[in-house]
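Worksheet for the structure shown next.
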Amino acid sequence: MEIDFVRSRFIKHFDGKTGNVYASPGRINLIGEHTDYNGGFVFPGAVDKGVMAEMRANGTEDTVMAYAIDLKDRVDFKLSDPAGPRASWARYIYGIALEMKKLGVPVKGFNIAFAGDVPLGAGMSSSAAMESCFACGLNDIFGDNKVSQWDMVLAGQATEHNYCGVNCGIMDQFASVFGKAGCLMRLDCRSREFEYFPFKPDGYRLVLLDSVVKHQLAGSPYNDRRNSCENVVKHIQAKHPEGKFETLRDCTWEQLDEVRAEVGEEDYKRARFVLGEKDRVLAVCDALNEGDYEKVGELMYQTHEGLSKDYEVSCEELDFLNDIAKECGVTGSRIMGGGFGGCTINLVRNDLYRQFIATAKQKFNEKYGHEPKVYDVVIGDGSRKLC
Ligand code: GLA
């Protein structure tokens, strides 16, 4: 995406003046799905696609004039309006501005125009890209860049919780803020310690296949999964009052088995997936350190199986893409992100790549009447000021 593209719209739709331009990426996640809000590990990286915004203080006390370039939609609102704007995209701006104010940034009225090239609803966190991009801009324009990167991550997450109805974890905002070109990051979501992992799999590449089935995380299915996990933790805590159980991270397989009958099969299976996934992230790290990509791939298939059968966040189209990957001899493949549509992430040997993509396009098209979209993964940098 070009700065000039965003700038020309900013000039045209407001008062002709220019502002500052900020960019934040979407993310991929190699492994560690639905583990973030369970205090586990995740393994994301930022991508070279994201959101770009031009922003400028407009001299008013609290009027925001916002233009969504891709949607050609203009919304003006006041930060003091307790209801906030109705348009879902504008709620990200409203939410992050209020969250940054809570962090002590004296946000006043501003103009903003933004555009994105991270596909919406593909499970690549277009919403986190917006939150961290806007947070980065507000921190720079009004806050002297005093808010730390972690606080911006948390402000993005709080925006989802408080204004958008998604009770998400911290993976997406973390990846968008902290991303580094060429590196995946292993994050311990409980302690918030993380490590950069240079990722250059010799002889392999990562490719996303987008089913173009849209998911809707707001409302229920995502939050339901989280509630199931928390319910299991509550039961384990009640059985073991001497211990301290905050998340499934603190629970063992034996403890989970003890509460199986009382929590019911659905919650039991969901928690079973999370415990397995927690171990798989660490196993993937070991395999990467040894350069054992076949092992990494095997673990990715296990994750898909768990997300599909136990966690129940897959859908027919994603299972179909996963089956095609298996049939083509692809090293690893799984649903990526929250689920309920979106992409599979595939670790493919270079020599199989063309054949795999051609087969996936053809078979998917035969069955669903359209081809999946193909995104080659390029691991890019996190949130930054461009000019
Ligand atoms: C969404 C959420 C994240 C995470 C993933 C699943 O992307 O925003 O916090 O829970 O789903 O791993």
Side-chain angles (χ1 to χ4, degrees), residues 24-47 50 88 92 95-96 118-132 153-179 184-190 192 194 208 210 214-230 247-249 270-271 273-278 280-281 284 299-300 302-304 306-308 310-315 318 334-345:
S24 289
R27 61 107 188 87
I28 54 143
N29 185 27
L30 185 65
I31 200 144
E33 223 62 90
H34 293 276
T35 44
D36 57 354
Y37 52 85
N38 285 301
F41 298 90
V42 291
F43 214 142
V47 291
S88 56
Y92 292 102
I96 199 75
V118 58
L120 296 177
M124 293 169 75
S125 296
S126 47
S127 54
M130 283 194 274
E131 289 145 13
S132 46
V153 168
L154 297 173
Q157 183 195 29
T159 299
E160 296 280 351
H161 290 188
N162 299 335
Y163 308 95
C164 307
V166 181
N167 212 0
C168 66
I170 53 170
M171 168 170 74
D172 304 350
Q173 293 78 10
F174 160 78
S176 185
V177 169
F178 283 96
L184 296 179
M185 298 168 284
R186 186 182 73 178
L187 169 68
D188 178 335
C189 299
R190 183 165 64 182
R192 300 200 192 132
F194 67 96
L208 306 182
D210 184 357
K214 296 265 183 243
H215 62 183
Q216 185 54 269
L217 295 188
S220 64
Y222 180 93
N223 296 350
D224 280 354
R225 301 304 183 280
R226 184 168 183 161
N227 291 339
S228 290
C229 296
E230 290 171 359
T247 60
L248 283 176
R249 168 80 173 269
R270 289 176 180 175
F273 164 75
V274 172
L275 290 197
E277 186 72 353
K278 181 176 81 176
R280 273 191 293 272
V281 182
V284 160
L299 292 158
M300 290 169 74
Q302 284 176 20
T303 292
H304 184 88
L307 285 170
S308 177
D310 279 358
Y311 220 65
E312 295 182 303
V313 294
S314 186
C315 58
L318 289 171
R334 64 175 199 82
I335 313 167
M336 190 185 74
F340 314 104
C343 290
T344 57
I345 179 166

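Every number for a ligand or one of its atoms is a count from 1 in the order of the listing. Please read all numbers here as calculations on a predicted model, not as lab measurements.
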Check your understanding: Are any of the N or O atoms of Ile170 closer than 3.5 Å to those of ligand 1?
Key -> no
Out of Ile31, Asp36, Leu307, the nearest non-hydrogen contact to atom 3 (C) of ligand 1 is supplied by Asp36
Taking the side chain as every heavy atom from C-beta outward, state whether Tyr37 and Met171 have any pair of such atoms under 4.5 Å apart.
no
Taking only non-hydrogen atoms of Tyr37 and a 4.0 Å limit, the atoms of ligand 1 in range are 10 (O)
### Query
Less than 4.0 Å between a side-chain N and a carboxylate O, is that true for Asp36 and Arg190?
no
So OG1 of Thr303 and CE of Met336: to nearest 0.5 Å the spacing works out to 13.0 Å
Does a salt bridge link Glu312 with Arg225, judged by any charged N lying under 4.0 Å from a carboxylate O? no
Short version for Arg27: what comes under 4.0 Å of ligand 1, heavy atoms counted, is side chain
Are Tyr92 and Tyr163 close enough that their ring centres sit under 6.0 Å apart?
-> no
A student checking ligand 1 against Gly169 at a 4.0 Å heavy-atom cut-off should list atoms 9 (O)
Margin query: I want to know if ligand 1 touches Thr35 in the polar sense, i.e. an N/O pair below 3.5 angstrom.
Written below: no
| request: Decide whether Ser127 and Glu160 meet the rule of one side-chain donor and one side-chain acceptor closer than 3.5 Å. | output: yes
- Query: Is any N or O atom of Ser125, backbone or side chain, closer than 3.5 Å to an N or O atom of ligand 1?
  - Reply: no
Atoms of ligand 1 under 4.0 Å from any heavy atom of Met171, numbered from 1 in the order shown, are 4 (C), 5 (C), 12 (O)
Heavy-atom side-chain contact between Asn167 and Gln157 under 4.5 Å:
no
In ligand 1, the atoms that come under 4.0 Å of a heavy atom of Asp172 are 1 (C), 2 (C), 3 (C), 7 (O), 8 (O)
Tyr222 heavy atoms within 4.0 Å reach ligand 1 at atoms 1 (C), 2 (C), 3 (C), 4 (C), 9 (O), 10 (O), 11 (O)
